[in-house]
Amino acid sequence: QYLYNTEQLTDDMCMTLGGRAAEELIFEKISTGAQNDLQVVTKMAYAMITVYGMNDKVGNISFYDPQNDYSFNKPYSEATARMIDDEVRKLIENAYMRTKQLLRDRMEQLRLLAGELLKKEVLYQADLVRLLGKRPFDERKSDPPLIVAPSDNNVQPQEIIKPSPA
């Protein structure tokens, strides 16, 4: 899929923030484990606002210029930069609050998954189905089976979520 709407990108942000939110809810403190996830979410939020025009306050404007991909020059004022930063913070904070609420609503399943991860360290899609049941919606044919593993600061998301061995 090459086209994503605001809801899909926000859902991706929530999914990416799930580990940090679970850590805060379960242990009542956070660690450095979410560093890579936070980088991914921050880049996604800035892209939504400054590249794809997905923010009512900033508007239908794209500041992306492929000619100046490696430039530190920004084509907007300091006031606009502050507004963009504020909107990025709001977007990420709203996604984080939503993620925490989703996990609170499913605390029993969260504890079940956490316990299983402590035993096995890596969970495959079959493990998730065994523990949580089948997904409440149809899977897309192109979706690979998921592997859930503890976060590693130097691992890219596509290296953590990958097809399980056949």
Side-chain angles (χ1 to χ4, degrees), residues 1-106 110 113 125 128 135-164:
Q1 181 176 342
Y2 296 101
L3 297 175
Y4 298 94
N5 63 41
T6 306
E7 291 77 18
Q8 289 171 307
L9 293 174
T10 304
D11 287 349
D12 281 351
M13 289 174 68
C14 290
M15 179 188 69
T16 305
L17 290 167
R20 167 58 65 95
E23 187 178 59
E24 183 179 342
L25 291 173
I26 298 295
F27 301 115
E28 297 181 0
K29 56 181 125 181
I30 57 174
S31 73
T32 59
Q35 184 263 337
N36 188 60
D37 296 338
L38 296 174
Q39 284 180 326
V40 168
V41 168
T42 301
K43 286 180 183 177
M44 192 181 307
Y46 272 104
M48 288 173 71
I49 292 169
T50 64
V51 176
Y52 303 120
M54 294 178 156
N55 180 269
D56 291 337
K57 195 166 183 181
V58 176
N60 292 317
I61 296 172
S62 179
F63 295 109
Y64 176 67
D65 180 2
Q67 301 300 322
N68 292 321
D69 226 9
Y70 299 103
S71 170
F72 293 110
N73 186 17
K74 57 183 190 292
Y76 43 82
S77 69
E78 285 300 316
T80 299
R82 279 190 297 280
M83 180 174 40
I84 290 168
D85 290 343
D86 290 344
E87 292 300 302
V88 164
R89 279 188 193 89
K90 277 197 276 188
L91 183 59
I92 293 171
E93 184 61 22
N94 289 340
Y96 188 63
M97 291 298 121
R98 178 175 166 225
T99 303
K100 285 187 359 183
Q101 189 57 52
L102 286 167
L103 291 175
R104 277 189 208 99
D105 293 346
R106 292 160 182 81
L110 175 60
L113 280 177
Q125 185 174 17
L128 297 176
R135 287 180 174 189
F137 50 86
D138 291 334
E139 292 182 38
R140 295 181 301 222
K141 298 278 187 243
S142 62
D143 283 350
L146 298 179
I147 296 174
V148 178
S151 180
D152 177 345
N153 284 344
N154 297 318
V155 177
Q156 297 299 311
Q158 64 271 20
E159 294 170 343
I160 293 174
I161 299 174
K162 56 187 172 189
S164 60

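By convention here, the first residue in the shown sequence is residue 1.
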- State, to 0.1 Å, how close Gly18 and Thr99 come at their nearest heavy-atom pair, and which atoms those are. CA-CG2, 3.7 Å
- Message: Nearest 0.5 Å, please: how far is CZ in Arg89 from OG1 in Thr42?
- Response: 10.0 Å
- Leu128 versus Leu113: any side-chain heavy-atom pair under 4.5 Å? yes
- Message: Checking Arg106 now: which residues fulfil salt bridge (Lys or Arg N to Asp or Glu O under 4.0 Å) with it, not counting sequence neighbours?
- Response: none
- Among Leu9, Asn5, Thr10, side-chain contact (heavy atoms from CB on, under 4.5 Å) partner for Glu7: Asn5
- Message: Within the 4.5 Å heavy-atom criterion, are Ile61 and Tyr76 side-chain neighbours or not?
- Response: no
- What residues, two or more places apart in sequence or in another chain, satisfy salt bridge (Lys or Arg N to Asp or Glu O under 4.0 Å) together with Lys90? Glu87
- Evaluate the side-chain contact (heavy atoms from CB on, under 4.5 Å) criterion for residues Met44 and Val41: first the C-alpha distance (whole Å), next the side-chain angles of each, then the deciding distance (0.1 Å), finally the verdict. CA-CA 5 Å; Met44 192 181 307; Val41 168; 5.5 Å; no
- Note on the structure: Output for pair (Thr6 OG1, Asp11 CG), nearest 0.5 Å, gives 10.5 Å
- Message: To the nearest 0.5 Å, what is the distance between SG on Cys14 and CE on Met97?
- Response: 11.0 Å
- Message: So, taking the atom named CD1 in Ile92 and the one named CG in Leu17, what distance separates them when rounded to the nearest 0.5 Å?
- Response: 7.5 Å
- Message: Do Tyr96 and Glu24 make a side-chain contact, defined as non-hydrogen atoms from C-beta onward lying under 4.5 Å apart?
- Response: yes
Listing, residues 45-52 side-chain donor-acceptor contacts under 3.5 Å, not counting sequence neighbours, or none:
| unit_1 | atom_1 | unit_2 | atom_2 | d |
| --- | --- | --- | --- | --- |
| Tyr46 | OH | Asp85 | OD1 | 2.5 |
| Thr50 | OG1 | Tyr46 | O | 2.6 |

- Query: Using a distance-only test with no angle check, is there a side-chain donor-acceptor pair under 3.5 angstrom linking Gln8 and Asp12?
  - Reply: no
- Message: Any side-chain to backbone donor/acceptor pair from Arg20 onto Ser31? Under 3.5 Å, distance only.
- Response: yes
- Message: Quick check for you: to the nearest 0.5 Å, what is the distance between Ile84 atom CD1 and Phe63 atom CZ?
- Response: 4.5 Å
- Do Leu91 and Met54 come close enough that some side-chain heavy atom pair is under 4.5 Å? no
- Message: How about CG on Asp105, more than 12 heavy atoms from neighbouring residues, nucleotides or ligands closer than 6.0 Å, or not?
- Response: yes
- Message: When you compare the side chains of Gln101 and Arg98, does any donor N or O come within less than 3.5 Å of an acceptor on the partner?
- Response: no
